A.B. asks: 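Before anything else, here's the structure in question.
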There are 2 protein chains.
Amino acid sequence: MNVGKVGAKTLRALSKAPARTHVSLSARAASQCASPGSSSSSHERPHFPCVDAHAARESRIISSRSVSSTPPVSSGPEPPYARPNPKSYKVYRHTSPLPLVYADSLPSFDIAYETWGTLAPNKDNVILLHTGLSASSHAASTELNPAYGWWEKFIGPGKALDTNQFFIICTNVLGGCYGSTGPSSIDPSTGEPYATRFPILSIFDMVQAQFRLLDHLGIERLYASVGSSMGAMQSLAAGWLYPERVGKVVSISGTARSSPSAIAMRFAQRAVLMADPNWKNGFYYDGLPPHAGMKLARQIATITYRSGPEWDIRFGRKLRKLPDSEQQRPDKPRTPALCPDFLIETYLDHQGEEFCLKYDANSLIYISKAMDLFDMTAPTLSELRLTPPAPRSGPPPLPPSLSAHPSSPAHSQYHHLLSHSKSHPPPPNPPLHLPDLAAGLQPLANTPTLILGVQSDILFPVEQQREVADALRVAGNQMVSYYELGGVWGHDTFLLDVQNVGGAIRGFLS
Amino acid sequence: MNVGKVGAKTLRALSKAPARTHVSLSARAASQCASPGSSSSSHERPHFPCVDAHAARESRIISSRSVSSTPPVSSGPEPPYARPNPKSYKVYRHTSPLPLVYADSLPSFDIAYETWGTLAPNKDNVILLHTGLSASSHAASTELNPAYGWWEKFIGPGKALDTNQFFIICTNVLGGCYGSTGPSSIDPSTGEPYATRFPILSIFDMVQAQFRLLDHLGIERLYASVGSSMGAMQSLAAGWLYPERVGKVVSISGTARSSPSAIAMRFAQRAVLMADPNWKNGFYYDGLPPHAGMKLARQIATITYRSGPEWDIRFGRKLRKLPDSEQQRPDKPRTPALCPDFLIETYLDHQGEEFCLKYDANSLIYISKAMDLFDMTAPTLSELRLTPPAPRSGPPPLPPSLSAHPSSPAHSQYHHLLSHSKSHPPPPNPPLHLPDLAAGLQPLANTPTLILGVQSDILFPVEQQREVADALRVAGNQMVSYYELGGVWGHDTFLLDVQNVGGAIRGFLS
């Protein structure tokens, strides 16, 4: 880095010099900070601020650790999630074992939660709000924590989740790192963090933990279960596990069966994270966290959260503004850098940098895996020994052909029930998984359900939204509300489009 | 890894034991090889074969280096690309400087190339075939190299590129690592590999190097320039730089303006590569190559090469077959692993593993950056001081409104010229870049051009194919052939669909 600084100083000193060749050489030395581009005239090795950033971050973590009085240096750095503030949320501690789908059980667990609005005397106005992968229970500001929440504009008096009417509960998910038990929590049997000794979780386990909280609060029945993205998976799972306890289900930009392409994108994130030498098979809690891997993973994730059309409008092919230290030669086009140079690159870099110390790497691995594992088709539910409860008031009988041939293409048989029969052309091939999904979703046959998707979503594409709505209808559900939104915000639409997402929810809940 | 081996042996010894609890505990210890899932009953730390693979690969590289007599240990490992076999291809050595778009020049360069068919006496039957990012000049088997080539089924007597009729030349691209000069080549001014002292390349530079080869071969005019993916960019650039020397242009699954979302996907690949500690700012040629970063980068790339629908048909949510050493508990569903477990994950893992030592990391970085930089809109070409040559036989005049308002939406003005006016609905918004692109492509106004795209391509989406075809038509080109293919193969269709891709090319060239 000294080379770059010297180069920049030299450049400033020479920048008014008349001898153009001198300026040009110096300018090139300076621009090497980020831009290899000179071959023969300079033999200095270029350096790369985007790579140096990982080492610089590591130094910051170490130095912030050593100036802090507690914890001592030997206990390792403390990212924000390792400093939970129990005054900003409530915690329910469950002291008996929680049976799990894949592993035996968790011996005990904590669930962090926050609430908004007032619980009705008969407790019939409760909405359970489920989060996406990395969110905390802080969906909106509270008296305990006035900071802006991740769904701030959707929760409040007169808003989509109307606090004049409803009592809203949001939890940090089991497996998370914002106050609920997860891989970073202490394993009572060892006195050390679970790390990758933590059991594999399923979305159903997360929902079971939430219902233990509801039991504790004496809430027998939810007015509605609401969630987006992974929260939509939980929302569907809640209605499936407890048809009698869930009044309505809202699923926004979710799925009932994770697709191979979504698994691929999450696999890529886990792979870069687990390849970070700091990950140490998950046992990094007494050392440096895998911050570089987390940054890279978040960059990949961010690509899946928005859409190409949005980026084309927002960033196009625009380049970052050059600092003075990276002056360019006047006789050549601007030298491109291998480090982030296009605005789309600096955007992804920034998103990764912002996130990499905010969230626990093992939580990301476990929760993203739970999303991959989510599959509500009947054969998978059966393999998981998840016995479907009866729908609330007796299911309508399955069409005989469906039960007889659960894997046969449903295209021709159920065409009149399918979403695309109304406003969308039918897909080129019959929906592969519809019969199995319809059989799996049978317990939701009598639960009013809102399915909302976004046409520009590449992570939970609109075909999957149609699939869930269609499967519910084929299962006999006559109370399916189905909306598709346009726009360019992609998967993140659920965080941004207060008018359309909020409006659909408000209408469905009222 | 010893733990896992012992666990597996113990398991086999105990697998017929009647005491089920013993088996179950041992089975769990063994399954920890890949699957964390037991919390309280085992305090052994799980390990991860997918992470161990990076260290094992490193050991293999080191040991293969030390048993080899040449090169000596001190010269570092030698991946295949570092052992070019000059007998399997021809090399043209250009000994004078090549001016570059962004940097000054390359002092000299090599271009590796192969040929098929027979050059006509008047040299009028030449097809220049351009490669995608990572391909060598070995597009099809030759006498020098009988190995199967990357476009084997498209080149030969009676095939898409008919060797009975044409003389086909394919080069390894400038910047590559299969015999042409790139970052792994020796910088004559230092005697060391260029590494990241190599100048930033543009697609236009690559084409200029190819035309120096044509000059050397005495080939004044190409019958056609043909390419797919990055090769399509080169193909368009060739027709643009040399309208008088290029008879026809074929662009398959390419673009004339890299989009922010394609840049984002390539940025993610470069970022994981550059974060590999072995990358060392590009100066890794005397040590271990960044093989782990290359594997991760290739995994991400592979996601963009195929399509979700293909994976849904091919892999679905199927899991890998478990080896005997990972027996599962009979009373529980199969324990999921955090390492690759779904077939889609093992597929990506395998693709990454296969590639990571086959290609030079710096070549990947430089060439993927050249793709990002590719933009044939008039304002960018002007910034790059690329002066448009005149089209072959005088261009038709631009519509006056286009020259007067180069950035105005062309939607209403040119609707009758647009691809979607025939078989596709118009996009919701007017095409943003059409006027600038039409102005930029003006030199191609009189060159017969085939644009072919694939509807399931997520890297070079079909909208970009329509955009190129539309821009050429708006520029006055009345010889644009335009095809869209269906199917589920995504971007890789150009490698797979001999019947449709090959057929379109054959028809266009004849």
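Proteins come first, then strands; the chains are lettered A, B, ... in the order of their sequence lines, and each starts at number 1. As the structure is a prediction and not an experimental result, all values here were calculated from the model.
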A.B. asks: Is NZ or CZ of A:Arg334 both nearer than 6.0 Å to the six-membered ring centre of B:Tyr102 and within 45° of the ring axis?
C.D. replies: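 No.
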A.B. asks: Please find the pair of heavy atoms, one from A:Ile263 and one from B:Glu345, that lie closest to each other, and give the distance.
C.D. replies: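 Distance-wise, the nearest heavy atoms are CG2-CG, 4.0 Å.
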A.B. asks: For the residue pair A:Ala275 and B:Leu296, what are the closest heavy atoms and their distance?
C.D. replies: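 That would be CB-CD1, 3.7 Å.
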A.B. asks: Grab the two heavy atoms, one from A:Glu383 and one from B:Pro333, that are nearest each other, plus how far apart they are.
C.D. replies: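 Closest heavy-atom pair between A:Glu383 and B:Pro333: O-CB, 3.7 Å.
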A.B. asks: Contact part of B:Leu384 toward chain A, heavy-atom cut-off under 4.5 Å: side chain, backbone, both or neither?
C.D. replies: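 It is both, since atoms from each part get that close.
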A.B. asks: So which part of B:Val51 gets closer than 4.5 Å to some heavy atom of chain A, the side chain, the backbone, both or neither?
C.D. replies: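 Contact with chain A involves the side chain of B:Val51 alone.
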A.B. asks: Salt bridge or not between A:Asp331 and B:Arg385? Use side-chain N to carboxylate O under 4.0 Å.
C.D. replies: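 Looking at B:Arg385 together with A:Asp331, the answer is no, because their closest N to O distance does not fall below 4.0 Å.
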A.B. asks: Check each atom of B:Ala292 against the heavy atoms of chain A and say whether the ones under 4.5 Å are side chain, backbone, both or neither.
C.D. replies: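 Neither; nothing under 4.5 Å.
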A.B. asks: Give, for atom CD1 of A:Ile344 and atom CE of B:Met265, the distance between the pair rounded to the nearest 0.5 Å.
C.D. replies: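 Answer for the CD1-CE pair, A:Ile344 versus B:Met265, is 11.5 Å.
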A.B. asks: Do you know the tightest heavy-atom contact between A:Arg317 and B:Ser258?
C.D. replies: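 Scanning both residues completely, I find the closest heavy atoms to be NH1-O, 3.0 Å.
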A.B. asks: Checking B:Lys369 against chain A: side chain, backbone, both or neither under 4.5 Å from a heavy atom?
C.D. replies: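 Only the side chain of B:Lys369 comes within 4.5 Å of chain A.
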A.B. asks: With a 4.5 angstrom heavy-atom cut-off, could you sort out which part of B:Ile303 is near chain A: side chain, backbone, both or neither?
C.D. replies: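 The answer is the side chain of B:Ile303.
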A.B. asks: Check A:Phe342 against B:Asp372 and note the closest heavy-atom contact, atom names and distance.
C.D. replies: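 Answer, listing the atom of A:Phe342 first, then B:Asp372: CZ-O, 3.7 Å.
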A.B. asks: Measuring heavy-atom distances to chain A, does B:Leu100 have an atom under 4.5 Å in its side chain, in its backbone, in both, or in neither?
C.D. replies: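 Only the backbone of B:Leu100 comes within 4.5 Å of chain A.
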